[in-house]
Amino acid sequence: SLPSTFGFCGADGSTIEHISIDGINLTGHIPASIGSCASLQRLVFSITNLQGSIPSSLRHLTQLQTLVLSTTGLQGSIPPSIWQLPHLQTLVIEDLNVVDAVNNDPHDPRFYKLHGSLPSTFGFCSAAGSTIEYMYLRGINLTGNIPASIGTCASLQYLGLSHTTLEGPIPSSLGNLTQLQTLVLTTMGLKGSIPPSIWQLPCLQTLVIQDFNVVDTVYNHPYDPRPSKLQGSLPSTFGFCSAAGSTIEVMYIRSINLTGHIPASIGTCASLQYLALSHTSLEGPIPSSLGNLTHLQALFLITTGLQGSIP
């Protein structure tokens, strides 16, 4: 277990820069005295059994660049001060208890012991500059909307909002994240149109969008995507695919009221290895240009409206 106080941290000064505890049966709470470790740049508690709340004293760690809390027992509110740490580059908060629960009932927030909401603005992102590169939040009763200010996190390369209860629209400001390589949005409350700007992100390698609200409906009525509150259509061209080059490797769109055709330009996504357009309302023919995807390892086309010949 962690001590109530640390010898290398105190009001008289702090020497510690890195704490990384991974895969250890670490029980008890995270002590409030962790906030006295002012020199900390990296704090990782990964695959542990720590319990209790996340201490608000983390706000004092203004030099922190990496914060990973991937445990089985944390509960309560995520302190708003975490979103304001000015130098944060990596932020991971994950409740490992949700993994099995999600497999059994993937959209039931009763399993989520951690809760909170995203702020209107982030301390590590602004128009003046951004430090955050990796943000992964999973298995959290994260309510409210995704703020438009996420678009100021220009340095983001990985954004995962997975198994949360976020609501409202997907902000079009995500289109400002031109360095983004991975975008994962698997939630139960998002609604409205998928912003066209998402399809134009130039460096995207992995794109996952799934509405968990539809899971039970899909299993009972596997051809009816109408319950999904998320909707949209595929673009005529993709910003991450062209004849000049392609970055996308994984595209997984499931349980979305995605209408229109599969564009022939999908054949320019030469780097694609996994393509799933599952439980959607796509119509029209399957484009023969899929035959150009010579690196494709998995192809799922499970829709309500496809017709014509299989190329």
Side-chain angles (χ1 to χ4, degrees), residues 117-122 125-127 130 132-137 142-214 225-242 246-263 265-266 268-269 272 275-283 303:
S117 60
L118 296 176
S120 57
T121 59
F122 299 89
C125 307
S126 71
S130 169
I132 195 76
E133 297 178 355
Y134 190 105
M135 190 190 307
Y136 181 62
L137 308 175
L142 205 59
T143 57
N145 290 11
I146 302 174
S149 62
I150 195 75
T152 65
C153 299
S155 53
L156 260 179
Q157 298 177 32
Y158 187 110
L159 177 59
L161 303 173
S162 180
H163 301 88
T164 76
T165 46
L166 285 166
E167 299 175 328
I170 299 173
S172 60
S173 61
L174 286 176
N176 298 332
L177 305 181
T178 55
Q179 302 303 312
L180 202 62
Q181 298 176 19
T182 297
L183 176 61
V184 178
L185 301 174
T186 56
T187 77
M188 60 169 289
L190 293 178
K191 59 185 180 182
S193 296
I194 297 174
S197 57
I198 283 181
W199 309 112
Q200 304 308 322
L201 290 167
C203 299
L204 210 57
Q205 297 176 11
T206 298
L207 174 62
V208 178
I209 304 177
Q210 180 176 7
D211 182 356
F212 275 132
N213 260 332
V214 184
R226 289 173 298 175
S228 177
K229 296 179 180 179
L230 269 177
Q231 63 210 33
S233 60
L234 296 175
S236 57
T237 59
F238 299 89
F240 41 73
C241 307
S242 72
S246 169
T247 61
I248 195 76
E249 296 178 355
V250 175
M251 191 189 305
Y252 181 85
I253 311 295
R254 180 186 167 96
S255 302
I256 309 294
N257 190 11
L258 203 61
T259 58
H261 291 205
I262 303 173
S265 62
I266 194 75
T268 64
C269 299
L272 260 178
L275 174 61
L277 302 172
S278 179
H279 302 91
T280 74
S281 303
L282 287 166
E283 299 175 327
T303 75

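Remark: Cys241 SG to Leu204 CG distance equals 9.0 Å, nearest 0.5 Å. Once rounded to the nearest 0.5 Å, the distance linking OG1 of Thr186 with CG of Asp211 reads 10.5 Å. From Leu177, atom CG reaches atom SG of Cys203 across 11.0 Å, with rounding to the nearest 0.5 Å. To the nearest 0.5 Å, atoms CG (Leu156) and CG (Asn176) are separated by 11.5 Å. Taking OG1 of Thr247 as the start and CG of Leu180 as the end, the distance is 10.5 Å to the nearest 0.5 Å. Taking CD of Gln179 as the reference point, atom SG of Cys153 lies at 13.0 Å (rounded to 0.5 Å).
At least one side-chain heavy atom of Ile266 sits under 4.5 Å from a side-chain heavy atom of Leu275. Between Leu201 and Leu174 there is no side-chain heavy-atom pair separated by less than 4.5 Å. You'll find the side chain of Ile253 stays beyond 4.5 Å of the side chain of Leu234, heavy atoms only. Contact check for Pro263 versus Thr237: no side-chain heavy atoms found under the 4.5 Å cut-off. When side chains are defined from C-beta on, Ile209 does not count as touching Leu183, because their heavy atoms never get closer than 4.5 Å. Proximity of Leu185 to Leu166: side-chain heavy atoms (C-beta onward) are nowhere separated by under 4.5 Å.
Looking only at distances, no side-chain donor or acceptor of Glu167 sits under 3.5 Å from a matching main-chain atom of Lys191. A donor-acceptor contact shorter than 3.5 Å is absent between the side chain of Ser172 and the backbone of Pro195. Put simply, the side chain of Thr165 gets close to the backbone of Leu142: a donor and an acceptor are under 3.5 Å apart. Panel note: side chain Thr259, backbone Ser233; no donor-acceptor pair is recorded below 3.5 Å. Looking only at distances, a side-chain donor or acceptor of Ser155 sits under 3.5 Å from a matching main-chain atom of Ile132. Under the 3.5 Å distance criterion, the side-chain polar atoms of Ser149 are matched with a main-chain donor or acceptor of Ser120.
Note on ring orientation: taking the six-membered ring where Trp is involved, the planes of Trp199 and Phe238 are perpendicular (angle over 60°, cut-offs 30° and 60°).
Counting only N and O atoms by type, the side chains of Asn257 and Ser281 include a donor and acceptor under 3.5 Å apart. Between the side chains of Thr164 and Thr187, no donor-acceptor pair of N or O atoms lies under 3.5 Å.
Looking at every heavy atom in both residues, Asn145 comes nearest to Pro169 through ND2-CD, 4.0 Å. Nearest heavy-atom pair across Pro171 and Pro147 is CG-O, 4.0 Å.
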